[in-house]
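The chains referred to below are lettered A, B, ... by the order of the sequence lines, with proteins before strands, and numbering in each begins at 1. Owing to the predicted nature of the structure, the values given are computational and were not obtained by experimental measurement.
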Amino acid sequence: MDNISIARLLDETASLLEIDSADPFRIRSYRRAAEAVEQQTTQLSTIADDPKQLLAIAGIGKGMLANIQALLTTGTMPLREELLQKYKPTMLELLRLPGMGPKTVALVWSSCQVCDIDGLEAAAKAGHLTKLPRMGEKFVIKLLKGIEDHRKNSSRFRIDKAQQHADTIIGLIRAFPGIDEIIPAGSLRRGRETVGDLDLLATGPACEPDVVSAAIEHVASLPLIDKLIAKGQNKVSFTLRNNLQVDVRLLPRASYGAALQYFTGSKMHNVALRQRAIKRGLTLSEYALLRLEDNVIVAAASEADIYNALDLDYIPPELRENGGELEAAATHTLPQLITRADIRGDLHMHTEATDGRDTIRQMAEAALARGLSYIAITDHSKNLAMTNGLDDARALAHIKRIREVDAELQQELKGKIRILPGIEVDILADGALDLDDSTLAQMDIVVASVHSHFNQPTEEMTARVLRALENPHVRILGHPTGRKVLGREPYAVNVDTVLRQAAKLGVAVEHNASPARADLNDLHLRLAKQHRCKIVINTDAHATEELDQMRYGITQLRRAWLTPTDILNTQPTAEALLKNLRPKP
DNA sequence: GCCGTTTTCGGCCCGACTGTTTTCAGTCG
């Protein structure tokens, strides 16, 4: 059983305990353990016989150790089985409906024997629910709408889509006079790959308590609102037509930092931060950091003030996951995280020669405009027929053209941007590549990628990739996990094995910056660093504007605590980069 | 159930909003 499954079972047990009205602190420890397990880069199954290592994980004590060992050996654990005697697993899905918490789930079970969504809908329509305490007409209407939405769309939104919506809404709100700052908080600010909803925090003269109601009305009447959910003294919640929920908060300048800190989260980071505050005789809320004894404000206007008042260095949002960042901030050992400006080249992109939209020259000029010093053009090879992939003859003609454009730009732009000839070659079923070695020998950058991995067994795909890595022309492994964000496919290969072998052979692994295809998540990236892999970050752009997707990839690198020295394409020149890649045969 | 530069017992984060409550429980973030 892998870490993700262990974490899921612990989290489900926590939910079952909630329905069972168990001790809230016991429930919290199960949730905390689930989070801790999820953040481990080592598979617990490999250290199961060493209790010391397991107990060293914060949040894992004697009881949880026994639970994890039971899960690893039997696939379940006594408490979970016991709870499943009393309750049904389908109740966990009921908890995802708006307004349905553990108490209400327990109530409909004990009074109506309802344990799943279909049953709940039937009971609501039959009028059975309004007979229960604290449940009226309004609740039932909201519930039925919630069930409908849940069936239609219960997934999260990809970060780039969420960012686009945020930009639009921010533009509309900023138009109101007296609002001079508005920032997305929540998981968007922390750079998660997907977000559940948008949290936008605004401040300015129009957000001061005595005048804020006008601004609230402005927000509540934005034309793109599909359904208004709530309108409070400083908060408006609504959904867009695609069901994305947006919470806008208008906050006085004096407490903006506290609010930003609070609503950026993560939840576990905030809990840990508040515990730290209490130990110092302080209390932290979304309004301020206060001294407990006399309620005097210690810090509130900026996030940095709050962290500093708690004897911590400022913690970048991407690290706020309660994964050791508080300890590092307390000892001044936070990493100097990589930034977009550190990236000097992009080694994976396509042109009109295959399935890209723009020309070699357009890609190069766009890269230069974005501050890059070198790029590699890596169009598809012939096996990807639907992309008009290049056979050996066309590939050779294409790199000749690439060299010509490079020479032209050397003349015109005095070496400000270099174009390296390359190819994204496909790995065939037997692990061979679909172009001749003699062709690959002409390329500076050979990115080997598995494209057709659907429904293939993991062992087979892993073996396939390992064989491809043996080809000495391969310098970068593209799409190293074969994953699509929000897609159906999980990881096509055994990631740990593939990363180890790539590190051993000196093949760089690619972090694909495209939000649709962020092959390595933050745990994989940390694993890659542990294994001393060479890591490159590429956009896989199919048009000039897709070069901007680098920003999303950078966020993932930051979430993995990576610094400029961990990434190869921070090298200042194409020559320096090539020297750091696997030597050509 | 976890944890300890106050502690091996007794703590464990904070506030707003909703619906239906005639004073607050439950949900949510």
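Closest approach to the A:Y30 side chain among B:dC3, B:dG29, B:dG1 is made by B:dG1 (side chain taken as heavy atoms from C-beta onward). Closest to the side chain of A:Y287, from the set B:dC14, B:dG29, B:dG15, is B:dG15.
Between A:S285 and B:dC13 there is no side-chain N or O to OP1 or OP2 distance below 4.0 Å. At least one side-chain nitrogen or oxygen of A:R26 sits closer than 4.0 Å to the OP1 or OP2 atom of B:dG1.
Sorted by residue number, the members of residues 48-67 of chain A with any non-hydrogen atom under 4.0 Å from DNA chain B read A:A58, A:G59, A:I60, A:G61, A:K62, A:G63, A:M64. Contacts of residues 312-323 of chain A with DNA chain B (heavy atom under 4.0 Å): none. For residues 254-270 of chain A, proximity to DNA chain B is found at A:Y262, A:K267, defined as any non-hydrogen atom under 4.0 angstrom from a strand atom. If you check residues 70-90 of chain A against DNA chain B, you find no residue with a heavy atom closer than 4.0 Å.
For the P atom pair drawn from B:dG11 and B:dC24, the interatomic distance equals 24 Å after rounding to whole Å. Nucleotides B:dT7 and B:dC12 place their P atoms 16 Å apart, quoted to the nearest Å. B:dG10 and B:dT6 are spaced 12 Å apart, taking the C1' atom of each and rounding to whole Å. Comparing B:dC9 with B:dC14, their P atoms sit 26 Å apart, to the nearest whole Å. Taking atom C1' on both nucleotides, B:dG26 is separated from B:dT20 by 12 Å, rounded to a whole Å. As rounded to the nearest Å, B:dG4 and B:dC13 have P atoms that lie 14 Å from one another. If you take atom C1' in B:dC17 and the same atom in B:dT23, they sit 16 Å apart, rounded to whole Å. If you take atom C1' in B:dA25 and the same atom in B:dT21, they sit 8 Å apart, rounded to whole Å.
Checked against salt bridge (charged side-chain N to carboxylate O under 4.0 Å, His left out), A:E121 has the following partners two or more places apart in sequence or in another chain: A:K125, A:R151. Residues forming a side chain to side chain contact (heavy atoms under 4.5 Å, CB included) with A:Q69 (at least two apart in sequence, or on another chain): A:P51, A:L65. When the side chain to side chain contact (heavy atoms under 4.5 Å, CB included) test is applied to A:A22, the partners found at least two apart in sequence or on another chain are A:L17, A:I27. For A:R276, the side chain to side chain contact (heavy atoms under 4.5 Å, CB included) partners two or more places apart in sequence, or in a different chain, are A:R280, A:L310, A:D311, A:L312, A:A330. Under the side chain to side chain contact (heavy atoms under 4.5 Å, CB included) criterion, A:D496 pairs with A:N494, A:R500, A:L527, A:H531, sequence neighbours left out. With sequence neighbours excluded, the residues satisfying ring pair (Phe, Tyr, Trp, His ring centres under 6.0 Å) with A:F176 are A:H218.
Across all their heavy atoms, A:N512 and A:T539 have their closest contact at OD1-O, 3.8 Å. For A:R559 against A:R190, the heavy-atom pair with the smallest separation is NH1-O, 3.0 Å. Here the closest heavy-atom approach between residue A:L120 and residue A:L97 is recorded as CD2-CD1, 3.7 Å.
At the heavy-atom level, A:I27 lies nowhere under 4.0 Å from the strands shown. A:S237 comes within 4.0 angstrom of nothing in the nucleic acid, heavy atoms only.
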What nitrogen or oxygen pairs link the protein and nucleotides 6-12 of chain B at under 3.5 Å?
unit_1 : atom_1 : unit_2 : atom_2 : d
B:dC12 : O3'    : A:Q275 : NE2    : 3.4

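Remark: A:E137 CD is loosely packed, at most 12 non-hydrogen atoms of other residues, nucleotides or ligands lying under 6.0 Å away.
In this structure, a donor-acceptor pair under 3.5 Å is absent between the side chains of A:Q164 and A:D160. With 3.5 Å as the limit, one finds a donor-acceptor pair spanning the side chains of A:E325 and A:H269.
Only one option out of A:I537, A:L562, A:I567 pairs with A:I554 in a side-chain contact (heavy atoms from CB on, under 4.5 Å); it is A:I537. Each of A:K145, A:E93, A:R96 was checked for a side-chain hydrogen bond (donor to acceptor under 3.5 Å, both in side chains) with A:H150, and the lone residue meeting it is A:E93.
Going from atom CG of A:L289 over to atom P of B:dC14 covers 11 Å, rounded to whole Å.
With a 3.5 Å ceiling on both atom-pair distances, the Watson-Crick or G-U wobble partner of B:dA25 is B:dT18.
Counting heavy atoms from C-beta outward, A:V248 and A:K235 have side chains that stay 4.5 Å or more apart. Looking at heavy atoms from C-beta onward, A:R340 lies in side-chain contact with A:D548 at the 4.5 angstrom threshold. Residues A:R320 and A:R189 meet the side-chain proximity criterion, which asks for heavy atoms closer than 4.5 Å. Side-chain contact between A:E18 and A:P24 is absent, with no heavy-atom pair separated by less than 4.5 Å. The closest side-chain heavy-atom distance from A:K88 to A:W109 is below 4.5 Å.
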Stepwise side chain to side chain contact (heavy atoms under 4.5 Å, CB included) test for A:I60 and A:V37
CA-CA 9 Å; A:I60 309 288; A:V37 169; 4.2 Å; yes
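In this structure, B:dT5 shows a glycosidic angle more than 90 degrees from zero, which is the anti conformation.
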Whether each nucleotide of nucleotides 19-27 of chain B has a protein heavy atom under 4.0 Å at its base (B), only at its sugar-phosphate (S) or at neither (-) is summarised, 5' to 3', as SS-----SS
